[in-house]
Amino acid sequence: MPDTAGTRPLLLLGPLVRHVDPVSATIWVETDRPCEVAVLGRRARTFCVNGHHYALVVVEGLEPGSTTPYEVHLDGAQVWPQAHSAFPPSRIRTAGRPGAFRLAFGSCRYATPTTADVRDAIPPDALDSYARQIADTPEDQWPDALVLLGDQVYADELTPATTEWVSQRRDLSQPPGAQAADYEEYTRLYSESWSDPQVRWLLSNIPSSMVFDDHEMIDDWNTSAAWRAEVTPTDWWEKRITGGLTSYWVYQHLGNLSPNELAENDLWQAIQGSESRDAGPMLDAMAHQADTEPRSVRWSFVRHWGSARLIMLDSRAGRVLEEDDRKILDDAEFDWVEAAMRNAVDDGVEHLLIGTSLPWLLPHSVHDLERWNETLSVRHAGKPLGRLAEQLRQAADLEHWAAFGGSFERLGRALVSLGRGELGRPPATALVLSGDVHHAYAAELVDPGGLDTRVHQLTVSPLHNSAPHAIEIGFKVGWSRWARAITGGLRALARVERSPLQWRKQAGPFFGNELGELLLEGRDARFLLWATSREDDGTPRFTQVLDTRLS
């Protein structure tokens with residue numbers, strides 16, 4: 001390690017404004033060494049994880065609906081805002097302001113424009129473009145929250161610079177090759193993504209809620225029992241999943257927790273009580289247990305936003321994968337989700353948001369394919385047809401909610417019960433926010449009828465990536481009647497039970513790099529979609545392509 005004697009600590013990443021409520025906020029940072037971090041007079045010592053240093057500063061005693069500019073000091077020296085910054089000063093904006101609640105959301109952000117391979121010809125970064133737009137917008141039009149729905153980093157698709165850096169550490173001809181192998185390499189991914197000046201400024205102002213998807217770990221993560229049986233015995237998987245889950249806990253999950261939840265979190269309290277020790281072994285043990293015993297850790301969480309409520313679901317790590325009992329959430333986790341929905345109704349919430357990295361309502365023909373594939377895999381498990389179905393499942397990524405039929409229907413029953421008022425006064429909308437599929441669309445549940453709540457699927461992906469041409473074609477035709485007739489025939493031949501739920505496409509599909517916004521006021525809800533493109537001279541352009549009413 002470099003000699004840092006006599007020099008001041010440096011701010012490597014952040015600040016990120018994470019959990020914000022009417023009277024408090026949490027601020028996350030990464031520094032280059034141990035130090036004291038101060039924000040608005042509140043102080044926290046850094047904690048160490050595998051030689052890296054972080055802090056989460058809890059700022060309490062704020063006024064509801066207030067705006068407070070802030071600075072970050074390390075050992076008394078100001079390090080944020082950066083000198084000569086072109087962006088407005090960072091500020092904490094607490095909940096409780098009058099007017100519409102504005103929420104931005106999206107998923108799938110591969111690195112940054114400056115680090116991505118130019119040969120990939122990825123369109124302009126939607127999160128970068130959004131940050132530039134917000135910086136030039138009056139504060140009263142800024143979003144109140146940002147929801148990132150998975151694939152914040154790509155552990156299995158390294159940029160050229162990171163591939164070169166990794167090659168200096170180990171032999172890329174040995175598994176896992178040009179992919180993240182351990183915690184140290186994961187820290188490089190987060191640094192590469194969150195050092196982007198525009199995104200760094202955005203995250204220093206807008207409270208963010210995050211959840212993982214497969215690429216934070218590896219493509220096809222927890223697709224099936226067969227997938228786990230293949231990957232788990234390898235000599236590289238233990239370090240990979242431990243590094244992935246530990247880094248997720250540090251960089252993403254910790255900031256999802258409220259001050260009360262932090263106070264009740266045994267692991268966080270143990271880390272706080274061992275400032276002089278490296279917390280890496282504690283977190284590695286947590287990560288190992290989370291992978292082998294998913295019930296040991298709850299990654300799902302709730303955000304309270306006045307008349308809006310977000311229930312963020314872990315639809316990856318906690319899956320039950322036995323072929324005769326597949327569940328995208330285990331029973332205990334689903335019980336927790338349904339209890340959170342009842343609490344939202346009891347609190348008089350007008351808009352219930354369900355965050356899940358994977359879309360619940362897919363194009364009809366894609367849904368039929370996934371149900372058909374799961375049925376064959378279960379019915380013929382261990383037989384040639386079952387093995388062929390498994391190969392197709394992994395090759396075509398047939399592992400969304402539709403591929404876990406019981407879970408798909410259980411979420412549907414819960415939302416129908418909510419919408420019929422069986423839990424109490426129904427909210428105006430129930431909005432399922434998702435990403436993953438590298439395009440955007442809106443769909444609405446239409447059957448069974450008699451709902452006082454409008455139930456929508458809103459999918460926005462990617463923020464910064466691209467969709468292969470085959471995916472564009474597949475999802476464009478996936479809503480068509482003729483495609484549905486073909487897959488419906490396959491479903492009938494395999495005697496796949498038809499779902500009582502019916503839905504229709506409202507808008508899309510839209511392709512390119514995109515970001516969604518929700519405007520929620522009273523019982524009214526609107527969905528806006530923004531997309532990037534390039535002018536003739538190559539300048540990025542950010543334009544609104546959709547504005548539709550949801551309530």
Side-chain angles (χ1 to χ4, degrees), residues 12-14 16 18 28-30 49-50 52 54 105-117 120 122 125-128 131 146-166 169 176-200 202-203 208-222 236-237 239-256 283 287 290-291 299 312 314-317 355 357-358 435-436 438 461-466 513 515:
L12 298 182
L13 278 185
L16 276 73
R18 297 302 314 275
W28 181 97
V29 299
E30 180 178 358
V49 180
N50 297 324
H52 294 261
Y54 312 90
F105 69 101
S107 77
C108 306
R109 184 168 182 267
Y110 173 66
T112 65
T114 57
T115 58
D117 194 333
D120 291 336
I122 298 176
D125 186 337
L127 207 58
D128 264 13
L146 172 66
V147 176
L148 299 175
L149 291 156
D151 295 345
Q152 275 67 260
V153 295
Y154 279 71
D156 51 357
E157 297 179 28
L158 304 185
T159 64
T162 296
T163 300
E164 175 60 26
W165 178 81
V166 169
R169 300 186 73 233
Q179 300 186 25
D182 56 21
Y183 185 87
E184 186 66 26
E185 294 177 11
Y186 269 97
T187 67
R188 168 88 180 194
L189 301 183
Y190 283 102
S191 176
E192 193 172 54
S193 185
W194 289 358
S195 294
D196 180 306
Q198 291 80 18
V199 169
R200 190 175 187 181
L202 183 72
L203 294 176
S208 53
S209 305
M210 308 179 186
V211 74
F212 45 40
D213 199 25
D214 55 344
H215 288 287
E216 265 103 347
M217 308 303 155
I218 190 170
D219 190 26
D220 293 337
W221 180 34
N222 283 346
W236 55 270
W237 175 246
K239 277 192 174 182
R240 170 65 162 274
I241 191 63
T242 299
L245 288 174
T246 295
S247 63
Y248 175 77
W249 191 95
V250 172
Y251 286 85
Q252 298 192 52
H253 181 68
L254 186 60
N256 290 330
L283 288 170
D291 180 51
W299 303 108
M312 184 74 88
D314 159 26
S315 51
R316 278 288 175 186
S357 62
L358 302 170
D436 180 70
H438 287 208
S461 165
L463 290 164
H464 185 230
N465 212 314
S466 58
N513 286 338
L515 180 139

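Note that the structure is predicted; figures quoted are calculated from it, not measured. In this chain, numbering begins with 1 at the start of the sequence shown.
The closest donor-acceptor contact from the side chain of T162 to the backbone of L158 lies at 3.5 Å or more, if one exists at all. Between the side chain of T242 and the main chain of K239, no donor-acceptor pair closer than 3.5 Å is present. A side-chain donor-acceptor contact under 3.5 Å links E216 to the backbone of D151. For W28 (side chain) and V250 (main-chain N/O), a donor-acceptor pair under 3.5 Å exists by modelled atom type. Side-chain N or O atoms of D213 include none that pairs as donor or acceptor with a backbone N or O of H215 at under 3.5 Å. Under the 3.5 Å distance criterion, the side-chain polar atoms of R316 are left unmatched by any main-chain donor or acceptor of V211. No donor-acceptor distance shorter than 3.5 angstrom exists from the side chain of S193 to the backbone of L189, with no hydrogens or angles considered. Using modelled atom types, one side-chain atom of S107 and one backbone atom of D436 make a donor-acceptor pair closer than 3.5 Å. H464 places a side-chain N or O within donor-acceptor distance of the main-chain N or O of Y110, the cut-off being under 3.5 Å. Checked by atom type and distance alone, the side chain of N513 pairs as donor or acceptor with a backbone atom of N465 at under 3.5 Å.
The shortest distance between side-chain heavy atoms of V49 and Y54 falls below 4.5 Å. The shortest distance between side-chain heavy atoms of D128 and D196 falls below 4.5 Å. Here the side chains of Q179 and R240 are in contact, with some heavy-atom distance below 4.5 Å. Looking at heavy atoms from C-beta onward, V153 lies out of side-chain contact with Y251 at the 4.5 angstrom threshold. In this structure, R109 and V199 have side chains that are in contact, with non-hydrogen atoms separated by less than 4.5 Å. Using a 4.5 Å heavy-atom threshold, the side chains of Y248 and M217 count as touching. Side-chain contact check for S466 versus H438: every heavy-atom pair is 4.5 Å or farther apart. With contacts defined as side-chain heavy-atom distances shorter than 4.5 Å, the pair F105/L146 does not qualify.
To the nearest 0.5 Å, atoms NE2 (H52) and OG (S191) are separated by 10.0 Å. A distance of 4.5 Å separates CG in L16 from CG in L203, rounded to the nearest 0.5 Å. Annotation: the span from L13 atom CG to S195 atom OG amounts to 4.5 Å, rounded to 0.5 Å. Taken to the nearest 0.5 Å, the CD1 atom of I218 stands 9.0 Å off from the CD1 atom of I241. Between the CG atom in D314 and the CZ atom in F212 there is a gap of 4.0 Å [rounded to 0.5 Å].
In this structure, the side chain to side chain donor-acceptor pair (under 3.5 Å) partners of N256, at least two apart in sequence or on a different chain, are R18.
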Could you please spell out the steps behind the side-chain hydrogen bond (donor to acceptor under 3.5 Å, both in side chains) verdict for E30 and Y190? CA-CA 11 Å; E30 180 178 358; Y190 283 102; over 6 Å; no
Determine whether M312 and V147 satisfy the following criterion, side chain to side chain contact (heavy atoms under 4.5 Å, CB included), listing intermediate values before the conclusion. CA-CA 9 Å; M312 184 74 88; V147 176; 3.5 Å; yes
Test log, rule side chain to side chain contact (heavy atoms under 4.5 Å, CB included), inputs L463 and C108: CA-CA 6 Å; L463 290 164; C108 306; 6.0 Å; no
Does the pair T159 and T115 meet the rule for a side-chain hydrogen bond (donor to acceptor under 3.5 Å, both in side chains), with working shown? CA-CA 6 Å; T159 64; T115 58; 5.1 Å; no
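Classification of the H253-W249 ring pair by plane angle, with boundaries at 30° and 60°, yields tilted.
Smallest separation of non-hydrogen atoms from L202 and L127: CD2-CD1, 3.8 Å. Taking every heavy atom of both residues into account, G244 and S247 meet most closely at O-OG, 3.0 Å. In this structure, A287 and T246 approach most closely via the heavy-atom pair CB-OG1, 3.5 Å.
Legend: salt bridge (Lys or Arg N to Asp or Glu O under 4.0 Å) pairs involving residues 182-191, not counting sequence neighbours, sorted by first then second residue: R169-D182, R169-E185, R170-E185.
No side-chain donor from either of E192 and T112 sits under 3.5 Å from a side-chain acceptor of the other.
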